[in-house]
J.: 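The structure that follows is given in the form of structure tokens.
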Protein chains: 2
Amino acid sequence: MSGISDVAKLAGVGKATASRALTGRGYVSEPTKVRVEEAARTLGYVPSTSAVSLATGRTQNIGVLMPYVTRWFFAEVLEGIQAALIERGLDLTLYDANPTSAGRRQIFEHYLARKRFDGLIAVGLEPELEELPLLMAIGKPVVGVVGEGSETSVIEIDDHNAARRATDHLITLGHRRIAFVGGGAEDFWAHVDRRRLEGYRQAMATAGLAHEAAHTPSRISLPGGYAAAVDLLGTSEGRPTAVVAVCDEVAVGAIIAARRLGISVPADLSVVGIDDHEYAETFALTTLEQKPRQQGVKAVELLMSEIADPSRPPVHITLQPRLIVRASTAPPRGMGSVIRTDSTFDA
Amino acid sequence: MSGISDVAKLAGVGKATASRALTGRGYVSEPTKVRVEEAARTLGYVPSTSAVSLATGRTQNIGVLMPYVTRWFFAEVLEGIQAALIERGLDLTLYDANPTSAGRRQIFEHYLARKRFDGLIAVGLEPELEELPLLMAIGKPVVGVVGEGSETSVIEIDDHNAARRATDHLITLGHRRIAFVGGGAEDFWAHVDRRRLEGYRQAMATAGLAHEAAHTPSRISLPGGYAAAVDLLGTSEGRPTAVVAVCDEVAVGAIIAARRLGISVPADLSVVGIDDHEYAETFALTTLEQKPRQQGVKAVELLMSEIADPSRPPVHITLQPRLIVRASTAPPRGMGSVIRTDSTFDA
DNA sequence: CTCGGTTCAGGAACCGATTCCAGATCAATG
DNA sequence: CATTGATCTGGAATCGGTTCCTGAACCGAG
């Protein structure tokens, strides 16, 4: 209710001085500064954000664009971003735009054009969509979390290597028939999905193994993993002894499906995931840990430095997930004596 | 880049006329209106939100306060809110403040005081926290989704009745030893948790059954449900024949735990949840469906009408969840002939 | 004592819209 | 034909801050 003029009046100074005292910019003598602060406090003065934005051109607000918030990864990233922004006193405007929804086009055309933010974090942008140029066109710093884009900074994990190491872990244990569960993602994971599949294939090829009827199409979720695993493990002949899942939720779905089918994990089937999801520990899931929350925090840091210095060239940060070995992986039956060389060491 | 003055100049009119033409308020002749719109289009004019806010006092922005974003319920509500806001051309500023985090106090003191929004949706506010008065103090319309507060509008499901009906469903099937899994929530679900527990107790009492060693403390999540069920079902003597779970994730955790213990669902143990979570179908879970996404949409509708008419008295909307019977519930062993009277009818 | 540089203060312009108000035009009415 | 009321327009004030710029006071150095 009370504006800076009221504060100035109460403190017995001019508007300009009051502003300087409160923002800390420019010369103000210590005693007057104290008087102004005192006045502001007694009046409960809170600067109007719109007035500040209008005058300074800074909104003190960061936009976050993501296709879902209901998926583990995205929600975790979002929480990381939020936490990092709060520390810095910045607001967060969410643009949750499912790619298939009609609202998405609107978001790009109307919302983002409003530039209600000093910078944007785009999570999970798929490259084939011609949306990146639109993002660049708004003329504000953009940082991506997962997703293509050489013109913007991007932070992501090394999907290829993650899947490769997951597969290598199984190969080292002695497995030969290893399937990949995932793939065929029709949704926003398509890109990540493909890279992980490729990592799996390469590991298999390097070991001279056939990446047999590897991947089973499925929704990237626990039910999807369940359904895919039921298909994959249904017939007992030629059944794989191990499975690389595209992510932990799918892996857990696969474990549950296996148990339902009477297949014991890890005795009859080893399962490895990627994520280190909240569920991983309960299911004793061996996995490659990515920390989405920290990716969110890191994205904010990147964005901050780009806002501070817009000429800064974009950087591409690739994180290496850490292998966490739990009890969902073991040597295949009859190979109990294989020496586990990889153990929990971080490669 | 180009402001309304440029548009006005190009169209050959005054700023005032240009503004009227574009906002549609006040008198403007059709031809000039067309000229202004044309000019705006060729210049790619987008009004500055801060200037508009400053002049009108409206931010075109809605704040959403929630304790987590990583929980199913909250994420779903959030998506519902977002979808409803996009339709209306409004932005969404997220205040994701974990109650235990240090940032939460800051949110209340700094962020909300900034009033960067025309209205606020608070999801899952617990009553014992003395935060409601703070929310009311900001002087903007507030709508709650779940949570106490007679001074603000609230939309929520009838937790008591939901748990009651879940329990009745089991009683009707012939179960006598029914346990409640959940309770003891140390986190933000405490309130909901308590009401559901109470509903369960009342149903048991009404049927003349003892609400025996009913609830097991657990985190409100799948791993929590798993752990609680392992405790509960560990000993075979006096084991319940049915379980009411505080929510679907816990229910699924319980199902998985039961199977691991060699307890067949529903033959040896019936399980009913509350939510109709994404996982419910995969686990054939009988549950009471609440639609968080629609609650979010509804909250936006409520908020809109309160913004339009601030004198509107707060309303309290209580939704009745629908019973969805799947295969996780059945008569207890030896009572296969019990007539299932409740079936899928909506009570 | 004067000069130059630093510190301090406030008036005024500005950010980019909306809106009040006064004046002009125009059609309809008595 | 004069009057009224509705329609149309643009100049100016306003929203609530920040910042430029000018002027005064103060300081130590020459």
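Here is the naming used below: chain letters follow the sequence lines, and residue numbers restart at 1 for every chain.
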J.: Per the end-axis method with five pairs at each terminus, what is the bend angle of the helix from dC1(C)-dG30(D) to dG30(C)-dC1(D), to 10°?
T.: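 Taking the rotation axis at each end, their angle is 50°.
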J.: What is the separation between atom CG on Asp6(B) and atom P on dC15(C), rounded to the nearest whole Å?
T.: 11 Å
J.: By nearest heavy atom, map Ala55(A) and Ala18(B) onto DNA chain D; which one lands nearer the 5' end?
T.: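 Mapping each residue to its closest nucleotide by heavy atoms, the 5'-most match is Ala18(B).
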J.: Any Lys/Arg nitrogen of Glu306(A) or Arg312(A) sitting under 4.0 Å from an Asp/Glu carboxylate oxygen of the other?
T.: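 No.
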J.: Please determine whether a side-chain nitrogen of the Lys or Arg among Asp91(B) and Arg114(A) lies less than 4.0 Å from a carboxylate oxygen of the Asp or Glu.
T.: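 Yes.
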J.: Can you check the Ile4(B) CD1 to dT19(C) C1' distance for me, whole Å?
T.: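 Atom-to-atom, Ile4(B) to dT19(C), this comes out as 12 Å.
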J.: Looking at Leu94(B) and Leu78(B), what are the two nearest heavy atoms and their distance?
T.: CD1-CD1, 4.2 Å
J.: So, are Glu38(B) and Arg35(B) salt-bridged, with charged N and O less than 4.0 Å apart?
T.: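 No.
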J.: Is the number of heavy atoms from other residues, nucleotides or ligands under 6.0 Å of Arg88(B) CZ greater than 12?
T.: yes
J.: Between Thr17(B) and Leu54(B), name the one whose nearest nucleotide on DNA chain C is closer to the 5' end.
T.: Leu54(B)
J.: Could you tell me whether Thr56(B) contacts a base, only the sugar-phosphate backbone, or nothing, with contacts defined as non-hydrogen atoms closer than 4.0 Å?
T.: sugar-phosphate
J.: Taking any heavy-atom pair under 4.0 Å as a contact, classify Thr32(B): base, sugar-phosphate, or nothing.
T.: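 Counting heavy atoms under 4.0 Å across all strands, the contact made by Thr32(B) is with sugar-phosphate only.
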J.: Show the nearest heavy-atom pair for residues Pro141(B) and Asp118(B), with the distance to one decimal.
T.: CD-O, 3.4 Å
J.: Could you check whether Thr23(A) gets within reach of a base, just the sugar-phosphate, or nothing at all, counting any heavy atom under 4.0 Å?
T.: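 Sugar-phosphate contact only - Thr23(A) comes under 4.0 Å of backbone atoms but never of a base.
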J.: Could you check whether any side-chain heavy atom of Val146(B) comes within less than 4.5 Å of a side-chain heavy atom of Val192(B), counting everything from C-beta outward?
T.: yes
J.: With a cut-off of less than 4.0 Å, is there a side-chain N or O of Arg20(B) near OP1 or OP2 of dT19(C)?
T.: no
J.: Can you find a donor-acceptor pair, distance only, under 3.5 Å between Lys15(A) side chain and dG10(C) base?
T.: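 Answer no: no donor N or O sits under 3.5 Å from an acceptor.
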J.: In whole Å, I'd like the distance from the CZ atom of Arg116(B) to the C1' atom of dG17(D).
T.: 14 Å
J.: Please report the distance, rounded to the nearest Å, between NZ in Lys9(A) and P in dG11(C).
T.: 12 Å
J.: Contact list please: residues 36-52 of chain B against DNA chain D, heavy atoms, distance less than 4.0 Å, in numerical order.
T.: none
J.: Cation-pi check for Phe73(A) against Arg71(A): NZ or CZ below 6.0 Å from the six-membered ring centre and within 45 degrees of the axis, yes or no?
T.: no
J.: Counting C-beta onward and ignoring hydrogens, is there a side-chain heavy-atom pair between Val52(B) and Thr59(B) closer than 4.5 Å?
T.: no
J.: What's the closest nucleotide to the side chain of Ser29(A) if the choices are dC20(D), dG11(D), dC8(C)?
T.: dC8(C)
J.: How many Å lie between CD on Glu30(A) and P on dC8(C), as a whole number?
T.: 9 Å
J.: List the residues meeting ring-ring contact (aromatic ring centres under 6.0 Å, His included) with Phe74(B), not counting sequence neighbours, and say none if there are none.
T.: Tyr68(B), Trp189(B)
J.: Tell me whether the side-chain N/O atoms of Tyr27(B) come closer than 4.0 Å to OP1 or OP2 in dC8(D).
T.: no
J.: From NZ of Lys115(A) over to P of dC15(C), roughly how many Å is that when rounded to an integer?
T.: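 Checked: the NZ to P distance equals 16 Å.
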J.: With the side chain of Arg25(A) defined as its heavy atoms from C-beta on, choose the nearest nucleotide among dT19(D), dG10(C), dT18(D).
T.: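 From the listed options, dT19(D) comes nearest.
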